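Only a predicted model underlies this, so the values are computations on that prediction, with no experimental measurement involved.
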Amino acid sequence: MVQAATEADAARAVERDRLWRRLMEMGRIGGFTTEDGHEGVNRPCLSPLDREARRLLIGWAKAAGLAVAVDPAANLFLRLEGQDPSAAPVLTGSHMDTQPQGGRFDGIYGVLAGLEAVEAIIAAGVRPRRPIEVVAWTNEEGGRFAPGCTGSMSFTKAEPMETFDDIRDAEGIRYADALAEQLALEADLPSRPLGYVPHAYVEAHIEQGPRLEAEGKDIGVVTGIQGCRWFTVTVEGRTDHAGTTPLRLRKDAVQDAIRAIQALNALMHDPDDVLRFTVGSFRVKPDTSNSVAREVVFTIDFRHPDARVLRERGDAVAETVARAMTTCTARVHERFNAAPADFGPLVPDLVERAARDLGLSIIRMPSGAFHDAQFLSRICPTGMIFIPCRGGVSHHPSEYATPEACANGARVLARVLCDLAGV
């Protein structure tokens, strides 16, 4: 067990201003300013901007004396060696890619908080028994290649890496080709095999919700992540002239798509407001005002913390859509399925203890958004540290967390890493 004074020294060595400066510097890679003055970031995975951000991170890591390596999924690892190099490492980190209209904190905060915590441990003179590794996972967001979390799913073998080869971005580029290009351009970096079983995994992240701010709490102790199922629905009808074709003779894809969504709303009704059901994309062809639509493609994002509810209602999606059709036909494709994750007691208890020892207030809470931690929890003890974000806003240029909130999360993380890695 690490001595309390050693843990306290590591937490005190966290440099708030250095962490903030790095967050702002990273935010300039892919950064843009909205008309109302918000600073957003558009940094797609496996892109030149992604590589620029990775090189910046690598430079900071090497200056701190950390060893750098990359695996076949382009997951990037920064290693602080332990007294026992053969011991299973403690792993911390998050992702560096963003949504197209993203902010400066989602994902990248967890990577930079991990780096800051490790640098604080070094500065405090702590020599952990186990190695500690900071990881930047590939393609968590799925903003360019959907679904997301392909790096962590490949690492944990939740899905074989080849599963994602033929996913294409909006320009038709294959995921496998973009990944090969990335690895070729980073061929100067040491490579390592794909996957291992960490001693534990802990991920720091902005909450992406309003509870911490609304309740005036400093730290969210995350107990698990609700499950998520994504579907794409294609409704096929027939194009006709809007002025000449009687309604009774039409095969109007928009009208049947609306009927399907209404039926899905009924299926997903939850009086307790726990279930999350979203139609986030609705695309029409030929998309002209004087033509009957021949095709509609819409997406479904369905989430729930109960595996039974997730299974039963998710399995009913295709039948519900089919019954709603009056003149058209429909295809339903499930493109992502992540079971709910229960983190268990080990890491959440350490997060709570560390926060309380630092005089920080806490809430125990589940995560509504999915994270790479969802897949790590399948292979090792896992936890997350949430910090408040203004208004609960995320995936938007106005996303914001204060410098002190960012530092508090890194201080808690440093203590937890000390506990998990030992001395």
Side-chain angles (χ1 to χ4, degrees), residues 1-2 7 10-11 14 19 66 75 77-80 82 87-95 106-121 126 128-137 140 149 151-152 155-156 196-208 218-225 341-358 360 362-367 369-387 405-423:
M1 177 63 67
V2 178
E7 296 173 5
V14 166
L19 175 57
L66 305 183
N75 298 314
F77 298 87
L78 319 173
R79 181 181 177 98
L80 172 65
V90 176
L91 191 58
T92 185
S94 192
H95 61 95
D106 177 8
I108 191 63
Y109 168 68
V111 177
L112 295 181
L115 177 60
E116 181 59 40
V118 168
E119 288 196 68
I121 288 169
V126 176
R129 185 178 70 82
R130 295 180 178 276
I132 300 174
E133 294 194 332
V134 180
V135 61
W137 300 111
E140 191 270 356
C149 293
S152 55
F155 178 89
T156 60
Y196 65 84
V197 178
H199 176 66
Y201 176 71
V202 55
E203 180 170 349
H205 211 282
I206 60 171
E207 181 192 353
Q208 299 182 280
D218 300 309
I219 296 292
V221 179
V222 184
T223 55
I225 301 175
D342 181 345
F343 289 162
L346 176 63
V347 181
D349 285 354
L350 290 177
V351 171
E352 178 172 350
R353 188 180 76 179
R356 293 193 185 281
D357 286 350
L358 289 165
L360 301 172
I362 67 130
I363 305 174
R364 280 187 170 254
M365 61 192 302
S367 171
F370 69 83
H371 302 278
D372 294 300
Q374 192 154 4
F375 300 99
L376 271 294
S377 68
R378 301 180 181 197
I379 64 170
C380 68
T382 296
M384 294 188 71
I385 300 165
F386 276 175
I387 62 170
C406 293
N408 282 340
R411 292 177 185 122
V412 172
L413 179 59
R415 292 184 69 122
V416 173
L417 293 177
C418 285
D419 258 325
L420 290 168
V423 175

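- Listed for the R130 side chain is no donor-acceptor partner under 3.5 Å among the backbone atoms of G82.
- From I108, atom CD1 reaches atom NE2 of H205 across 10.5 Å, with rounding to the nearest 0.5 Å.
- Shown here for S152 and N75, the closest heavy-atom pair between the two residues is N-OD1, 4.4 Å.
- Note: Y196 and F155 have perpendicular aromatic rings, judged against thresholds of 30 and 60 degrees for the angle between ring planes.
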Exercise. Verify side-chain contact (heavy atoms from CB on, under 4.5 Å) between V111 and W137, making sure each step is shown before the conclusion.
Key: CA-CA 9 Å; V111 177; W137 300 111; over 6 Å; no

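- For the atom pair I121 CD1 and E116 CD, the distance stands at 10.5 Å (nearest 0.5 Å).
- Residues L19 and A410 come closest through the heavy atom pair CD2-CB, 4.0 Å.
- No side-chain heavy atom of N408 sits under 4.5 Å from any side-chain heavy atom of I387.
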Exercise. Could you please spell out the steps behind the side-chain contact (heavy atoms from CB on, under 4.5 Å) verdict for F343 and T382?
Key: CA-CA 5 Å; F343 289 162; T382 296; 3.8 Å; yes

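- Between the E203 side chain and the A373 main chain, a donor and an acceptor come within less than 3.5 Å of each other.
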Quiz prompt | L417 vs E7, side-chain contact (heavy atoms from CB on, under 4.5 Å): CA-CA, chis, key distance, verdict | solution = CA-CA 9 Å; L417 293 177; E7 296 173 5; over 6 Å; no

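- Here CD1 of I385 is found 12.5 Å from CD of E352. Values are rounded to the nearest 0.5 Å.
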Quiz prompt | Worked check of side-chain contact (heavy atoms from CB on, under 4.5 Å) between S94 and H371 | solution = CA-CA 8 Å; S94 192; H371 302 278; 5.8 Å; no

Quiz item: Would D218 and R356 satisfy salt bridge (Lys or Arg N to Asp or Glu O under 4.0 Å), going step by step from the backbone distance to the final call?
Solution: CA-CA 10 Å; D218 300 309; R356 293 193 185 281; over 6 Å; no

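- To the nearest 0.5 Å, the span separating SG on C418 from CD1 on I132 amounts to 6.5 Å.
- The closest donor-acceptor contact from the side chain of Y201 to the backbone of M384 lies at 3.5 Å or more, if one exists at all.
- Across all their heavy atoms, A407 and V14 have their closest contact at O-CG1, 4.1 Å.
- Heavy-atom minimum distance, T92 versus G114: CG2-CA, 4.0 Å.
- Atom CG in L66 sits 6.5 Å away from atom CG in L115 (nearest 0.5 Å).
- Using a 4.5 Å heavy-atom threshold, the side chains of L78 and V118 count as separate.
- In this structure, A355 and I362 approach most closely via the heavy-atom pair CB-CG2, 3.5 Å.
- R79 places a side-chain heavy atom less than 4.5 Å from the side chain of P89.
- Within the model, atoms CG of D342 and OG of S377 stand 8.5 Å from one another, a figure rounded to the nearest 0.5 Å.
- The nearest pair of heavy atoms linking A200 to V347 is CB-CG2, 4.3 Å.
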